Amino acid sequence: MSTLQPVRGTHDLLAEDSLRHRKVIDTVRDISGRYGFDEIETPIFERTEVFARTLGDTSDIVTKEMYTFEDKGGDSLTLRPENTAGVARAFISGGLAQSLPLKFTYQGSMFRYERPQKGRLRQFHQTGAEILGVEGPLADIEIIALGSHYLEALGVRDKTVLELNSLGDTESRAAYRDMLVNYFRSHLDQLSEDSRERLERNPLRILDSKDQGDRDIIENAPLISDSFNDYSRDFFDAVKQGLDVAKVEYTLSPRLVRGLDYYCHTAFEFTTTELGAQGALVAGGRYDGLIKQMGGPPTPGVGWAAGIERLAMMIDEPEGRARPIAMVPLGTEAEIKALSLTQHLRQGGFSIELGYSGNMKKRMKRANNVDAVACVILGEDELAKDVATVRNMETGDQVEVPLASLEDHLASYR
RNA sequence: GUGGCCGUAGCUCAGUUGGUUAGAGCGCCUGGUUGUGGUCCAGGAGGCCGGGGGUUCAAAUCCCCUCGGCCACCCCA
């Protein structure tokens, strides 16, 4: 491999891609701000235990997807594969338990060692939102409403479906897990190889298997709602009612699950059919057990994460920079004058492209390439008369404008 | 980690059963225009045919390995 190739699954972000990412990020800042969320930025790497402990020793992320390395001090560090663990760690180590509830958003690079495919990279970007310290369903409702509002603001909500489920509380969930394992054990010989393995490691995951044989068995599997105790049922009902009141549409997905034990109650995904196999645009749920499991004070949490690349592929092409006005000076004296005018105009709010070199033809060509609306031509003739020639790049019309009124004249191009 | 398809100019691609100096369009550069872009005309630069090995008189073309891309599985945002 050439060392000048980008590392597999990484990308340079240029031009339109960059604009798309920026829109996705700017929008989450705007919308989450209205919901009272503050931005948090945690380190891009953490001690390996932060992820190993929160994600579970058997999860795929921990067993095969982490970028783990030893630093010069001998510590095992890992590039973050997701950000909830980092936020939880920041919460614990920063002693933030006294200022609950907390509402955070974040945005940044995540790293997973996977085979790249559509909507999946090794270095990718996520934005997310977390509410810490709220036990009741209002936090679930608000975090989902935020996700929905965010997708609306990006213009993609109508291309998504909000899938909603509840995993119940710890008691309900444990009861369900037992029922489910028993059920699948009785059909062991009909399960796919993958699912037989999942039965040991992560039985709930069998529910979203894509294997047709599995699906036939899953069809008749017990539903988690059958195992709900009163509290879990009430909680879920409250979430559903709240979403109705907030006018957030959803469909119930009784097979939507989260594998790890600290997840409970609400699980949801905003999914699309437009991105091939990677349908999840925004996914999240409640994780009341996480912070305690990490060694912090028992603190409930709900949140979601969204794939920025995936959203960037879905949105309409954003507008770029405003079209500039190009300065076209001819000769050293004119260049100095142009520099002075350029800075003055920029201070006044204009976008000015100052050509760096070349004869007039070259500078005009450059002006055209940067899609200038107009050119301000400054040559010897103009300097002598204390004027500038302003060329409208659409019509080709040119007028001489006294330098004193140049700014007023250019105002029509803004 | 597994599987399918694919790597030829900056970009998008053509290249016959293996056969001389590997092509096109777009873009780029120069000139037609000593102070005028975008259109037009003329000319030009630019390729280790992803990399390595093999078969052959001869390889962009066939075989093997490898790196990368796309898509899917696994898993996930």
Side-chain angles (χ1 to χ4, degrees), chain A residues 1-11 15 24 55 58-65 80-84 107-129 147 160 192-195 197-198 201-202 205 208-211 257-260 269-272 275-285 303-314 326 328-331 334 353 355 358-383 389-398:
Chain A
M1 146 183 95
S2 164
T3 51
L4 293 183
Q5 272 178 334
V7 172
R8 182 168 215 188
T10 66
H11 277 300
V24 171
L55 297 171
T58 56
S59 74
D60 266 48
I61 290 183
V62 171
T63 53
K64 54 183 213 195
E65 293 179 2
R80 60 186 185 192
E82 54 93 33
N83 207 36
T84 302
Q107 157 271 311
S109 291
M110 307 294 156
F111 303 84
R112 265 124 84 162
Y113 188 86
E114 301 186 273
R115 288 281 287 266
Q117 69 184 77
K118 191 179 182 71
R120 169 178 305 174
L121 296 166
R122 288 188 173 181
Q123 177 178 1
F124 62 108
H125 299 83
Q126 282 188 337
T127 180
T160 66
S192 68
E193 203 182 316
D194 281 335
S195 285
E197 209 172 297
R198 283 188 274 237
R201 284 191 2 226
N202 204 340
R205 274 278 165 218
D208 49 27
S209 170
K210 289 178 186 170
D211 183 273
V257 294
R258 295 280 111 97
L260 303 176
E269 288 181 10
F270 291 87
T271 59
T272 179
L275 290 182
Q278 270 62 244
L281 248 28
V282 174
W304 51 252
I308 292 177
E309 281 81 0
R310 293 181 186 177
L311 291 171
M313 284 190 278
M314 299 282 296
V328 180
L330 301 162
E353 180 76 18
N359 58 21
M360 184 162 193
K361 188 178 175 121
K362 235 179 188 163
R363 288 172 188 266
M364 291 301 292
K365 200 175 169 73
R366 166 79 185 160
N368 193 61
N369 287 343
V370 298
D371 196 27
V373 273
C375 285
V376 175
I377 298 163
L378 278 177
E380 280 178 31
D381 300 348
E382 285 83 1
L383 286 184
T389 298
V390 176
R391 181 182 179 86
N392 180 318
M393 293 297 276
E394 298 298 331
T395 63
D397 296 339
Q398 295 193 172

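Within every chain, numbering begins at 1; the chains are lettered A, B, ... in the order of the sequence lines, protein sequences first and strands thereafter. It should be emphasised that the depicted structure is a prediction, and the values quoted were computed from it without experimental measurement.
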Hey, does the side chain of [X] come within less than 4.0 Å of [N]'s phosphate (OP1/OP2), counting only N and O?
| X | N | result |
| --- | --- | --- |
| A/Q117 | B/C71 | no |
| A/R115 | B/G3 | no |
| A/R198 | B/C75 | yes |

Check your understanding: Is a side-chain N or O of A/E382 found less than 3.5 angstrom from the main chain of A/G379, in a donor-acceptor match?
Key -> yes
Review point. Base, sugar-phosphate alone, or nothing: which one does A/G119 contact when heavy atoms must sit under 4.0 Å apart?
Key: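 Base: the residue A/G119, judged by heavy atoms under 4.0 Å, touches a nucleobase.
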Revision key, fill the gap. Closest of B/A72, B/G69, B/C76 to the A/R310 side chain is B/C76
Point to revise | Among B/C70, B/C74, B/A77, the nucleotide that comes nearest once only the side chain of A/A283 is considered | key: B/A77
Shorter than 3.5 Å, N or O on both sides, protein versus nucleotides 34-39 of chain B: list them out with atom names.
unit_1: B/G35; atom_1: O6; unit_2: A/D381; atom_2: N; d: 3.0
unit_1: B/G35; atom_1: O6; unit_2: A/D381; atom_2: OD1; d: 3.3
unit_1: B/G35; atom_1: O6; unit_2: A/D381; atom_2: OD2; d: 2.9
unit_1: B/G35; atom_1: O6; unit_2: A/E382; atom_2: OE1; d: 3.4
unit_1: B/G35; atom_1: N1; unit_2: A/E382; atom_2: OE1; d: 2.8
unit_1: B/G35; atom_1: N1; unit_2: A/E382; atom_2: OE2; d: 3.1
unit_1: B/G35; atom_1: N2; unit_2: A/E382; atom_2: OE2; d: 2.7
unit_1: B/U36; atom_1: O2; unit_2: A/R391; atom_2: NE; d: 3.3
unit_1: B/U36; atom_1: O2; unit_2: A/R391; atom_2: NH1; d: 3.0
unit_1: B/U36; atom_1: O2; unit_2: A/Q398; atom_2: OE1; d: 2.9
unit_1: B/U36; atom_1: N3; unit_2: A/Q398; atom_2: OE1; d: 2.5
unit_1: B/U36; atom_1: N3; unit_2: A/Q398; atom_2: NE2; d: 3.4
unit_1: B/U36; atom_1: O4; unit_2: A/Q398; atom_2: NE2; d: 3.0
unit_1: B/G37; atom_1: O2'; unit_2: A/N368; atom_2: ND2; d: 3.4
unit_1: B/G37; atom_1: N7; unit_2: A/R391; atom_2: NH2; d: 2.9
unit_1: B/G37; atom_1: O6; unit_2: A/R391; atom_2: NH2; d: 2.8
unit_1: B/G37; atom_1: N1; unit_2: A/M393; atom_2: O; d: 2.7
unit_1: B/G37; atom_1: N2; unit_2: A/N368; atom_2: OD1; d: 3.1
unit_1: B/G37; atom_1: N2; unit_2: A/M393; atom_2: O; d: 2.7
unit_1: B/G37; atom_1: N3; unit_2: A/N368; atom_2: OD1; d: 3.3
unit_1: B/G38; atom_1: OP1; unit_2: A/K365; atom_2: NZ; d: 3.1
unit_1: B/G38; atom_1: O4'; unit_2: A/N368; atom_2: OD1; d: 3.4
unit_1: B/G38; atom_1: O4'; unit_2: A/N368; atom_2: ND2; d: 2.9
unit_1: B/G38; atom_1: N2; unit_2: A/E394; atom_2: O; d: 3.3

Check your understanding: Atom CG of A/D194 and atom C1' of B/U2: how far apart are they, to the nearest Å?
Key ->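 In whole Å, B/U2 C1' and A/D194 CG are 10 Å from each other.
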Check your understanding: Would you say the side chain of A/R112 and the base of B/A77 hold a donor-acceptor pair, judged only by whether the two atoms sit under 3.5 Å apart?
Key ->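 Yes, the side chain and the base share a sub-3.5 Å donor-acceptor pair.
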Point to revise | Base-pair map of RNA chain B as dot-bracket, where | denotes pairing with a different strand and pairs are Watson-Crick or G-U under 3.5 Å | key: (((((((..((((.....[...)))).(((((.......))))).....(((((..]....))))))))))))....
Review point. A/E269: what forms a salt bridge (charged side-chain N to carboxylate O under 4.0 Å, His left out) with it, not counting sequence neighbours?
Key: A/R258
